[in-house]
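One structure is given here, and the rest of the page talks about it.
Reminder, nothing fancy here: chain letters follow the sequence lines and each chain counts from 1. Note that these values count all heavy atoms, side chains included, but never hydrogens, waters or copies made by symmetry.
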2 protein chains.
Amino acid sequence: MAIWKSQAPTLLDVARLADVSLKTASRVLNNARVNEDKVIRVKAAMERLGYRPNELARGLKAQRSAAIGMIVPNLSDPFTANAVNAVQEVARANGFVVILASSGGDVDVERSEIVSLVGRQIDGLIVAPADSRKDSFSDLLPNGVHAVTFDQQLRNADLDSVTVTNRRGTREATAHLLGHGLKRIVAIGARPHLYTCRERVAGYRAAMKAAGIEPRVCLVDHEGMLTPAWLKDQVFDLQQADAILSLNWVCTILSLRGLRELGKTAGRDVPMLSFDDFDLADMLTPALSVVKQPAEMLGREAATLLFERLKGGRVEPRTLVLPTSLILRESCGCRSLS
Amino acid sequence: MAIWKSQAPTLLDVARLADVSLKTASRVLNNARVNEDKVIRVKAAMERLGYRPNELARGLKAQRSAAIGMIVPNLSDPFTANAVNAVQEVARANGFVVILASSGGDVDVERSEIVSLVGRQIDGLIVAPADSRKDSFSDLLPNGVHAVTFDQQLRNADLDSVTVTNRRGTREATAHLLGHGLKRIVAIGARPHLYTCRERVAGYRAAMKAAGIEPRVCLVDHEGMLTPAWLKDQVFDLQQADAILSLNWVCTILSLRGLRELGKTAGRDVPMLSFDDFDLADMLTPALSVVKQPAEMLGREAATLLFERLKGGRVEPRTLVLPTSLILRESCGCRSLS
DNA sequence: CTGAAAGCGCTAACAA
DNA sequence: TTGTTAGCGCTTTCAG
């Protein structure tokens with residue numbers, strides 16, 4: 001039996017049917033102290049009418065919406081998808097819903113999405129920032145609406161954040177490659193304005209420097225520029241790569257494809273190691289060695305941090321750094337280590 | 001400069017500052033006819049106060065929320081992620097936000113998420129149902145809240161839906177495999193209660209029947225049961241597979257892994273074709289042949305259908321069927337067709 | 001074209 | 001414990 005939205009039963013209807021006052025019905029709804037039998041009457045009435053509280057009205061009054069916003073640059077990235085999944089789960093467990101928006105990596109879109117979310121009275125926000133050079137959005141947040149960033153970390157912002165050991169990840173990866181006797185390892189990345197990119201490059205440089213070898217970094221502003229031609233020119237002709245360290249998932253995919261176009265097989269003709277694991281990386285030939293990020297955990301921790309804030313917890317911003325792990329398969333030069 | 005949530009400027013503040021009545025300010029907000037100079041004064045006031053309309057209040061009054069709900073079984077599936085992405089874009093273009101929930105393929109979770117969404121006064125719902133044997137949720141929708149299903153199609157439901165040519169997809173794929181001289185083609189699928197599974201199996205059977213060959217279908221209730229041991233027992237020992245047709249992405253991944261555990265290489269030792277394309281399917285060795293679904297388009301069309309309904313369009317339910325395409329790479333038995 | 005006033009569904013003073 | 005009564009921020013009759 002359908003409920004008519006235009007005439008959905010209200011709490012007043014429930015109260016009338018149960019023959020109690022509106023307030024009493026409200027108290028029952030909120031599990032406040034109410035006479036035993038009235039509780040029963042009210043609950044019966046709710047049942048009979050198929051009553052559903054109007055969260056909008058509830059939120060309007062209470063100045064909260066039981067909704068959090070989440071903004072990511074790109075849902076197609078498996079890392080992101082997994083993080084979103086985890087956030088969603090934690091939110092649900094806390095009785096919250098998540099309003100998802102994607103920025104496409106564009107700060108302006110990101111800002112406009114945030115404005116839209118704030119207008120909907122979200123209680124909190126989780127964002128994987130599109131630009132981490134500066135705090136690009138906390139000016140949009142009303143006092144009382146907390147935000148936590150994940151993946152990226154903002155400069156000059158006092159927000160909670162969850163990141164991974166980007167630097168250590170690439171440092172170890174690079175060191176491993178060096179251990180295979182590789183010298184002209186080229187780091188390929190995109191969007192140099194991102195924290196993750198900077199950190200990963202820094203880790204790479206550190207490892208190269210420690211080995212007394214000149215670092216070779218090839219970055220593009222935007223992933224779209226990472227074409228086979230660019231690979232050939234920059235990475236091979238110019239830098240004479242004898243190994244590749246790809247700094248994120250999209251770069252990995254594009255590099256893999258690009259290499260093939262150039263008639264090379266990643267991992268065989270040119271050893272390769274990639275930041276970010278993904279389904280089937282282990283099924284490539286040779287299997288791709290990666291630095292794995294705990295995507296679900298990132299999402300879970302970000303959400304947990306946010307909900308602790310919402311519950312009125314601590315004041316000083318916290319920064320959580322989760323460990324990456326080096327997964328050695330074959331493409332780095334190891335043979336059937338798995 | 002931060003805005004205080006507790007004391008965020010209201011329309012009344014704007015009106016006072018602009019020295020007009022509340023109603024006039026409201027009219028400006030809604031682009032109704034208002035005196036030119038008053039419009040300017042009001043807009044200036046809004047600007048100065050950093051006024052943001054409270055969508056909750058707006059929605060409460062107007063009985064709508066400018067939000068749609070979306071429920072999917074599994075965000076990690078790239079097909080789903082892409083569809084969500086597209087829905088999000090269309091929603092944004094229409095000034096709507098999307099509240100995302102995932103059911104994990106569980107009907108009860110699905111129902112409870114819908115109840116939650118309805119309580120938030122969503123204006124519409126897009127869902128990839130967790131079970132398509134019957135209409136499992138439209139009883140939860142208040143009159144006036146429309147739903148459109150995508151991917152799956154519900155039995156006995158008069159909802160708008162967007163699906164793909166599942167049957168034709170597997171029929172063509174099977175025919176192609178048969179064309180390579182393969183006979184003991186085994187279709188591997190999961191969740192037989194799903195429309196997509198049924199349809200894909202039907203397409204497979206049709207092609208086998210047309211060729212006068214006994215069909216060999218191996219289904220598991222849940223993807224978790226698709227283990228290497230199961231593959232060995234059911235698919236190889238029992239059915240003596242000489243080719244595999246995997247019916248969805250998860251099955252593909254699990255089959256690929258399972259085959260490797262059994263010491264076989266998909267596409268080389270046993271030809272394989274998979275429903276659902278994904279990043280890097282083309283980078284496997286041999287490259288995986290697939291039936292590709294237009295994921296983004298599915299999402300876009302589902303959202304479009306929904307918004308047309310919201311704008312009060314037609315009454316009779318519509319069913320959109322989008323074309324799949326057979327992408328022949330190598331694993332089906334073709335060699336370097338790409 | 002504009003203003004006053006009444007609510008949307010709910011919660012929270014404040015009394016009783 | 002309960003009921004009465006204001007609102008939350010906005011839209012919208014209904015007069016002016």
Side-chain angles (χ1 to χ4, degrees), chain A residues 3-42 45-46 49-67 95 118-123 142 144, chain B residues 3-42 45-46 49-67 95 118-123 142 144:
Chain A
I3 305 155
W4 282 257
K5 187 179 186 178
S6 45
Q7 54 192 80
T10 76
L11 198 52
L12 186 59
D13 297 323
V14 171
R16 278 206 267 258
L17 181 59
D19 194 34
V20 297
S21 81
L22 177 56
K23 173 60 185 169
T24 305
S26 170
R27 293 181 64 92
V28 172
L29 191 57
N30 296 283
N31 306 310
R33 313 227 150 284
V34 177
N35 221 331
E36 189 65 32
D37 47 314
K38 291 197 178 174
V39 172
I40 296 174
R41 292 214 316 266
V42 171
M46 286 178 171
L49 294 171
Y51 171 76
R52 297 286 163 208
N54 181 333
E55 289 297 334
L56 251 49
R58 222 193 243 235
L60 175 59
K61 183 63 190 170
Q63 311 273 28
R64 53 134 202 71
S65 57
V118 166
R120 302 195 125 75
Q121 313 298 107
I122 50 163
D123 297 327
Chain B
I3 305 156
W4 281 259
K5 187 179 186 179
S6 45
Q7 53 191 79
T10 76
L11 198 52
L12 186 59
D13 297 322
V14 171
R16 278 206 268 258
L17 181 59
D19 194 35
V20 298
S21 83
L22 177 57
K23 171 59 186 169
T24 306
S26 171
R27 292 182 65 89
V28 172
L29 191 59
N30 295 284
N31 307 311
R33 313 230 148 284
V34 176
N35 222 333
E36 189 65 33
D37 46 313
K38 291 197 177 174
V39 172
I40 296 174
R41 293 218 310 271
V42 172
M46 286 178 171
L49 293 171
Y51 171 76
R52 297 289 161 206
N54 181 332
E55 289 297 333
L56 249 49
R58 223 190 241 235
L60 174 59
K61 185 63 187 168
Q63 309 274 30
R64 54 134 203 67
S65 57
V118 166
R120 303 196 123 78
Q121 312 297 107
I122 50 163
D123 297 326

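Summarising the geometry of A/Val14 relative to A/Ala45, their closest heavy-atom pair is O-CB, 3.8 Å, with the distance given to 0.1 Å. The two residues B/Val39 and B/Val28 make their nearest non-hydrogen contact at CA-CG2, 4.1 Å. Scanning both residues, B/Pro53 and B/Leu29, for their nearest heavy atoms gives CB-CD2, 4.1 Å. Heavy-atom minimum distance, B/Ser26 versus B/Leu11: CA-CD2, 3.6 Å. Smallest separation of non-hydrogen atoms from A/Ala25 and A/Ala15: CB-CB, 4.0 Å. When every heavy atom of A/Ala67 is checked against every heavy atom of B/Arg120, the shortest pair comes out as N-NH2, 4.1 Å.
When the side-chain nitrogen and oxygen atoms of A/Lys23 are compared with OP1 and OP2 of C/dT11, none of them lie within a distance under 4.0 Å. Of the side-chain N and O atoms in B/Asn30, one or more sit less than 4.0 angstrom from OP1 or OP2 of D/dT11. For D/dT11, the OP1/OP2 oxygens have a side-chain nitrogen or oxygen of B/Arg58 closer than 4.0 Å. OP1 and OP2 of D/dC8 both lie 4.0 Å or more from every side-chain N or O belonging to B/Thr10. Under 4.0 angstrom from either OP1 or OP2 of D/dG3 there lies at least one side-chain N or O belonging to A/Thr24. Listed pair B/Gln63 / C/dG9 meets the phosphate criterion, a side-chain N or O lying under 4.0 Å from OP1 or OP2. For the pair A/Ser26 and C/dC10, the criterion of a side-chain N or O lying under 4.0 Å from OP1 or OP2 is not met. Between B/Ser21 and C/dG3 there is a side-chain polar atom (N or O) within less than 4.0 angstrom of OP1 or OP2. For the OP1/OP2 pair of C/dT2 and a distance below 4.0 Å, the side-chain nitrogens and oxygens of B/Asn35 include at least one atom meeting the criterion.
Between A/Arg33 and A/Ala62, the residue anchored nearer the 5' end of DNA chain D, judged by the nucleotide with its closest heavy atom, is A/Arg33. In terms of position along DNA chain C, the nucleotide closest to B/Asp19 lies nearer the 5' end than the nucleotide closest to the other residue of the pair B/Asp19 and A/Pro53.
Closest approach to the A/Leu22 side chain among C/dT2, D/dG3, C/dT11 is made by C/dT11 (side chain taken as heavy atoms from C-beta onward). Checking C/dC8, C/dC10, D/dT11 against every side-chain atom of B/Leu60, the shortest atom distance belongs to C/dC8. Side-chain atoms of A/Tyr51 lie closest to C/dC10 of the nucleotides C/dC10, D/dT2, D/dG9.
Atoms CG (A/Asp13) and P (C/dG9) sit 8 Å apart, rounded to a whole Å. Between the CZ atom of A/Arg41 and the P atom of D/dT2 there is a distance of 10 Å, given to the nearest Å. Atom CG in A/Asn54 sits about 8 Å away from atom C1' in C/dC8, given to the nearest Å. The interatomic distance linking A/Glu36 (CD) with D/dT2 (P) rounds to 11 Å, in whole Å. The interatomic distance linking A/Leu29 (CG) with C/dA12 (P) rounds to 11 Å, in whole Å. Between the C1' atom of D/dG9 and the CE atom of B/Met46 lies a distance of 13 Å, rounded to the nearest Å. Between B/Leu12 atom CG and D/dC10 atom P the separation is 9 Å, expressed in whole Å. Atom CG in A/Leu11 sits roughly 10 Å away from atom C1' in C/dT11 (whole-Å rounding).
Judged by distance alone, with hydrogens and angles left aside, A/Lys61 brings a side-chain donor or acceptor within reach of the base of D/dG7, the pair sitting under 3.5 Å.
A/Leu56 comes within contact range of no nucleotide atom at all, as no heavy-atom separation falls under 4.0 Å.
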